[in-house]
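Have a look at the structure below, then the notes.
The figures that follow rest on heavy atoms only: side chains count, while hydrogens, waters and symmetry mates do not. In what follows, chains carry the letters A, B, and so on, assigned in the order in which the sequence lines appear, proteins first and then strands, with residues in each chain numbered from 1.
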Amino acid sequence: MSSTEQGPFTKTSDFDSWVKAVWQVVDGIPRGHVLTYGEVARLAGMSRAARRVSQAMRRAPRGMKLPWHRVINVQGRISFPQDSSGYQRQKELLEEEGVVFLKGKIDLERFGYQGALDHLLWGEPM
DNA sequence: GGGCTGACCTACT
DNA sequence: CAGTAGGCCAGCC
């Protein structure tokens, strides 16, 4: 038993399996909510692979209709350059679902998974 | 094999 | 709050 376990995916050949796990996690994000790259990586089984989540989503087939726009960075911001078409497209899709941008940022306490659970337990803040 | 890039994250200043 | 530094690791040259 190693004390420095990193996860079930230690070989490159396992990366493809992990990619599919990422697709499932992203596909499970409810409308109107978001997850960070790090959260998706952890839920898929590799806590330190936040940077690989974008690779995984880019590999997804078009027909899958993956809700890629519900994945943002831990700062609550969209990870595309602000002047890119990808940024605009992602922001539109999210606002269409009721996600609110405040000064270019999304309140993770409110629209993230953890935030949703907290609201159920503690009630709506404000 | 080596070096660079990137839809990232944490910690520190 | 902004900026920096180190860590992460698959993919591409």
Side-chain angles (χ1 to χ4, degrees):
Chain A
M1 298 295 277
S2 68
S3 57
T4 56
E5 185 178 31
Q6 294 188 10
F9 303 98
T10 55
K11 286 178 289 193
T12 303
S13 57
D14 291 329
F15 186 67
D16 290 332
S17 304
W18 182 77
V19 167
K20 292 178 183 174
V22 168
W23 294 346
Q24 291 192 342
V25 170
V26 174
D27 196 48
I29 305 175
R31 184 183 164 83
H33 287 279
V34 297
L35 281 184
T36 68
Y37 294 92
E39 286 286 351
V40 173
R42 192 179 335 177
L43 292 171
M46 279 206 304
S47 56
R48 298 172 190 170
R51 220 166 180 167
R52 251 61 58 207
V53 171
S54 56
Q55 293 179 250
M57 291 194 291
R58 206 163 213 194
R59 286 197 199 182
R62 279 188 163 278
M64 181 172 281
K65 295 174 181 173
L66 200 70
W68 58 270
H69 57 281
R70 295 179 191 149
V71 183
I72 61 176
N73 65 35
V74 75
Q75 302 175 17
R77 301 179 128 282
I78 289 174
S79 291
F80 284 114
Q82 197 164 4
D83 58 356
S84 68
S85 59
Y87 181 97
Q88 281 301 322
R89 191 154 49 241
Q90 185 168 9
K91 187 178 180 184
E92 282 180 19
L93 289 169
L94 287 172
E95 290 181 327
E96 197 175 307
E97 300 183 353
V99 176
V100 178
F101 283 77
L102 209 57
K103 299 171 186 170
K105 291 188 294 185
I106 296 171
D107 185 1
L108 292 177
E109 293 294 307
R110 188 173 176 185
F111 298 104
Y113 260 11
Q114 194 58 54
L117 289 176
D118 286 346
H119 286 184
L120 287 175
L121 296 172
W122 294 81
E124 290 291 327
M126 283 203 296

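Rounded to an integer number of Å, the gap from A:Leu66 CG to B:dA7 C1' is 13 Å. With rounding to whole Å, A:Met46 atom CE is found 13 Å from C:dC8 atom P. Protein atom CZ of A:Arg77 is 15 Å distant from nucleotide atom C1' of B:dC8, rounded to whole Å. The nearest whole Å value for the distance from the CZ atom in A:Arg52 to the C1' atom in C:dC12 is 15 Å. Counting to the nearest Å, the P atom of C:dC8 and the CG atom of A:Asn73 are 21 Å from each other. When rounded to the nearest whole Å, the span between CZ of A:Phe80 and P of B:dC8 equals 9 Å. For the pair A:Arg51 CZ and B:dC4 C1', the interatomic distance rounds to 11 Å; values are reported in whole Å. In this entry the distance linking CG of A:Leu35 with C1' of B:dC9 reads 15 Å, nearest Å.
Panel note: side chain A:Glu39, backbone A:Val34; no donor-acceptor pair is recorded below 3.5 Å.
Toward the 5′ end of DNA chain B lies the nearest nucleotide of A:Gln55, the other residue of the pair A:Gln55 and A:Val74 mapping further downstream.
By the neighbour-count criterion of 12 heavy atoms within 6.0 Å, atom CD of A:Glu95 is densely surrounded, having more than that number from other residues, nucleotides or ligands.
Applying the 4.0 Å criterion to OP1 and OP2 of C:dC1, one finds that A:Lys105 has a side-chain N or O inside that range. In this model, the phosphate group of B:dG6 is not approached by any side-chain N or O of A:Ser54 to a distance below 4.0 Å at OP1 or OP2.
With B:dA7, C:dA10, B:dG6 as the choices, the nucleotide that has an atom nearest any side-chain atom of A:Phe15 turns out to be C:dA10.
A distance of 5.0 Å separates CE of A:Met64 from CH2 of A:Trp23, quoted to the nearest 0.5 Å.
Comment: A:Arg89 does not engage A:Glu92 in a salt bridge, judged by the lack of any side-chain N to carboxylate O separation of less than 4.0 angstrom.
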